[in-house]
Each structure stands twice: as structure tokens, then as C-alpha cells.
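So the structure is just underneath, and the comments pick up after that.
Numbers restart at 1 for each chain; the letters A, B, ... are given by sequence-line order, proteins then strands.
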Amino acid sequence: MTTGMWFPDGAFPLGWAHYLAGGVCIGAGVALLFLCTGLIGGMSTVYSSTWSWFVRRPFFQQPSLTGSRTWRLAYAGGLVLGAAAWFVWSGQSAWVAVNIPTWQLFVGGLLVGYGARLSQGCTSGHGICGLASLSRPSLVAVLTFMATAFVTANVVWRVVGA
Amino acid sequence: MASTIIPTLTRDGAPARKASPLAVVCAAVAAGALFGFGLAWSTMIRPEVVLSFLRFRDAGLMLVMGGGVAVTMVAYQLGPRLLARPLLGGAFALRAAILDRPTVVGAAIFGIGWGLCGVCPGPAIAGLGAGSYELGWAIAGIGLGALLQGMTARK
């Protein structure tokens with residue numbers, strides 16, 4: 001298969017319903033948090049707020065981090081529970097395996113963590129919460145990370161083949 | 001830069017009665033569980049699926065984002081209009097964002113990392129619930145990246 005062709009097997013070679021249903025569930029989770037508590041639930045902040053228990057530096061002692069670290073960690077715990085519930089419900093026969101090289105996961109993760117915190121949002125913070133807030137800065141952030149992600153993923157594909 | 005502002009007065013001018021911390025934690029677990037179920041169902045916990053979107057092989061991620069944004073938008077736009085305060089107390093937060101350099105530079109760096117590994121912050125955590133222990137490497141990277149950002153931040 002050549003790397004230049006767009007959607008050679010159609011737009012949804014694995015079907016489309018599970019994507020839409022899963023997306024609606026994700027939105028329902030963010031909506032539930034907001035309607036119950038008024039909180040905006042992006043996911044990248046938990047990686048900073050959790051450090052606030054261990055790192056004394058003033059940056060990590062900002063009220064926005066120390067004041068939200070408990071519910072953010074609970075929210076992250078809920079993610080694990082929800083995915084485990086899906087695992088049972090969908091009757092998977094084996095753990096979901098990830099076949100991306102370790103160095104790619106780790107180095108990619110470093111950039112994801114640094115960039116998301118510098119930008120103050122990720123695919124859920126800018127993508128879902130920001131766009132749903134009709135936030136122009138979030139729209140710019142989404143278009144920016146989509147563009148660099150498209151370029152990176154395709155360059156890596158050609159160079160590493162993975 | 002995007003940040004969250006939590007008003008101390010509700011829309012009708014009354015002081016915001018804070019929700020009990022335990023109730024907030026319970027709501028966060030329930031909301032997170034729905035979120036995690038959705039991430040797993042939509043296969044966003046599999047980096048290979050995310051990368052196949054970024055390589056123009058499967059447009060599914062657009063449906064995930066579209067579905068997620070549509071439902072959230074209804075809640076964000078109608079909730080504060082129909083309810084004086086959130087169901088458990090407190091006040092509706094506003095996502096106040098201004099467009100500045102760190103927002104754009106950070107997003108560009110985030111995208112490079114996302115394009116390299118196909119993992120973003122939420123799915124990295126959720127995937128553990130489906131047994132994808134390899135994602136621990138991504139979580140370690142994201143955690144260290146967040147630490148590095150905080151240690152080098154000016155304020």
C-alpha cells in the first residue's frame with residue numbers, strides 16, 4: 001500500500017457506528033461532570049495537578065492545581081474503571097495489545113505532556129471542552145496540533161515504517 | 001492561554017454554595033467512567049487506530065470528536081441557561097481563553113508527540129483499564145513532560 005493515497009479502503013474500513021457511539025459517551029461524561037459540578041473536564045491537567053502533592057515549586061502550588069487535584073485524580077480513576085467496564089461488556093478474548101515501539105510511546109509521550117501543559121489543553125481540553133465552549137483560541141490550538149500531527153505521523157510512517 | 005474561572009456568585013447573584021467534596025469526587029468518578037467507556041468503545045485507546053486516522057486510512061476519529069463535541073456543546077450552552085447552579089452546588093465554570101504564544105507553540109509540540117505515538121493524555125490512562133500495560137510508557141512520558149513544563153515555566 002502506498003503512503004500517498006487517501007482512504008484507499010473507504011473512509012470507515014472498520015465501520016463507523018462504534019466511533020460515533022463512543023464519541024457520544026465521551027461527551028456524556030464531560031457533560032455529566034459539568035451539569036453536576038460546573039467543572040470543565042479536560043484530561044491533561046491531571047498530569048500537572050498530581051505533581052502538586054510532591055513538588056514544592058510555586059508553579060505546582062497554584063490554587064488551580066492544588067484545588068482541583070483530588071477530583072482530577074478521581075476523574076482519571078473513572079477513566080480506567082470505564083474502560084474496564086467496556087472490556088467486560090464487549091467480551092474481549094484478550095487484553096488490548098499495543099504494538100507501537102516503546103521508544104515511540106515514551107518520546108511521543110514526553111512531547112505530548114510538555115506541549116499539552118504549555119498549551120493548557122489537549123484533544124479533550126481544547127478539542128472537546130474548548131470547541132464546545134465555542135472558544136476561538138481552542139479552535140486555533142486544535143487546527144495547530146492536527147496539522148503538526150498529520151505531518152509527523154506521515155513522516156514517521158515513511159522513515160520508520162511504524 | 002486557557003484557564004478555568006470559577007465564579008463565586010451564581011447567575012441569580014446568590015453566593016455559590018459549594019458542593020460537598022465527596023459528592024464532587026463521586027461525580028468525577030462517574031463522569032470519568034463514561035468518558036473511559038467511550039474512549040474504549042471508540043477504540044481511541046488503540047494508538048494504531050489514531051495513527052491510521054492521522055495517515056488518512058480511517059476517518060473514524062472525526063466521528064468521535066464530532067459526537068463528543070456535539071453532546072458537550074449542548075450541556076455547556078444550555079446548562080447555565082436552564083439551571084441556576086450545578087446539580088450538586090457550586091457554580092458553572094467558564095473556560096476563559098486568550099490566544100497567546102504558549103497556546104500555539106504548546107499545541108504544535110503536542111501534535112508532534114501525538115503524531116509520533118498516537119496516544120493522548122486521556123486514552124493513555126483509560127487504556128490501562130483494558131489491559132494495555134504498554135501505555136504505561138506513554139503515561140511516564142506525559143507525566144515527565146508535564147513536570148518539565150512546570151519546572152521551566154516562568155511563573
Part of [X] lying under 4.5 Å from any heavy atom of chain A:
X	answer
B:Val49	side chain
B:Glu134	both
B:Leu78	neither
B:Ala30	both
B:Ala108	both

Working for side chain to side chain contact (heavy atoms under 4.5 Å, CB included), residues A:Phe60 and B:Leu147: CA-CA 9 Å; A:Phe60 288 102; B:Leu147 179 64; 4.0 Å; yes
Taking every non-hydrogen pair under 4.5 Å, which of [options] racks up the most with chain B?
options	value
A:Gly108, A:Ala11, A:Cys36	A:Cys36
A:Phe106, A:Trp95, A:Tyr75, A:Trp86	A:Trp86
A:Ala28, A:Cys25, A:Gly77, A:Gly15	A:Cys25
A:Gly10, A:Ser68, A:Ala141, A:Gly41	A:Ala141
A:Leu143, A:Leu134, A:Val155, A:Thr70	A:Leu134
A:Leu35, A:Thr45, A:Leu65	A:Leu35

Report yes if the side chains of [X] and [Y] come closer than 4.5 Å at any heavy-atom pair, otherwise no.
X	Y	value
A:Thr148	B:Trp114	no
B:Arg46	A:Val98	no
B:Leu99	A:Arg136	no
B:Val25	A:Leu73	no
A:Leu81	B:Val29	yes
A:Gln104	B:Trp137	no
B:Phe56	A:Pro8	no
B:Phe35	A:Met43	yes

Between [atom1] of [X] and [atom2] of [Y], what distance do you get to the nearest 0.5 Å?
X	Y	atom1	atom2	answer
A:Phe34	B:Leu87	CZ	CG	11.0 Å
B:Ile142	A:Tyr114	CD1	OH	16.0 Å
A:Asn154	B:Leu51	CG	CG	10.0 Å
B:Phe53	A:Phe7	CZ	CZ	6.5 Å
A:Ser124	B:Met44	OG	CE	13.5 Å
A:His126	B:Thr103	NE2	OG1	5.5 Å

Non-hydrogen atoms of chain B under 4.5 Å away: do they reach the side chain of [X], the backbone, both or neither?
X	value
A:Phe87	side chain
A:Phe150	both
A:Val96	both
A:Val88	neither
A:Trp16	both
A:Ser90	neither
A:Val140	side chain

Nearest heavy atoms of [X] and [Y], plus distance in Å:
X	Y	value
B:Met151	A:Val55	SD-CG1, 4.0 Å
B:Gly106	A:Ser119	C-CB, 3.6 Å
A:Ala132	B:Thr72	CB-CG2, 3.5 Å
A:Phe145	B:Ala107	CB-O, 3.0 Å
B:Val119	A:Val112	O-CG2, 3.7 Å
A:Met5	B:Arg57	O-NH1, 2.7 Å

Interface residue of largest heavy-atom contact number with chain A, from [options], under 4.5 Å:
options	answer
B:Ala124, B:Pro21, B:Cys117	B:Cys117
B:Cys26, B:Pro47, B:Ala27, B:Gly79	B:Pro47
B:Ile45, B:Val105, B:Leu39	B:Leu39
B:Gly67, B:Ala130, B:Gly68, B:Ala75	B:Ala130

Shared hydrophobic cluster, B:Val71 / B:Met65 (ILVMFWY, side-chain heavy atoms < 4.5 Å): no
Check against ring-ring contact (aromatic ring centres under 6.0 Å, His included), A:Trp89 and B:Phe37: CA-CA 10 Å; A:Trp89 171 77; B:Phe37 191 94; 5.2 Å; yes
Neighbour count >12 (heavy atoms, 6.0 Å) for atom CE, B:Met62: no
Expected output: side-chain A:Arg117 to main-chain B:Gly145 donor-acceptor under 3.5 Å: no
B:Tyr76 side-chain N/O to A:Cys129 backbone N/O, donor-acceptor pair under 3.5 Å: no
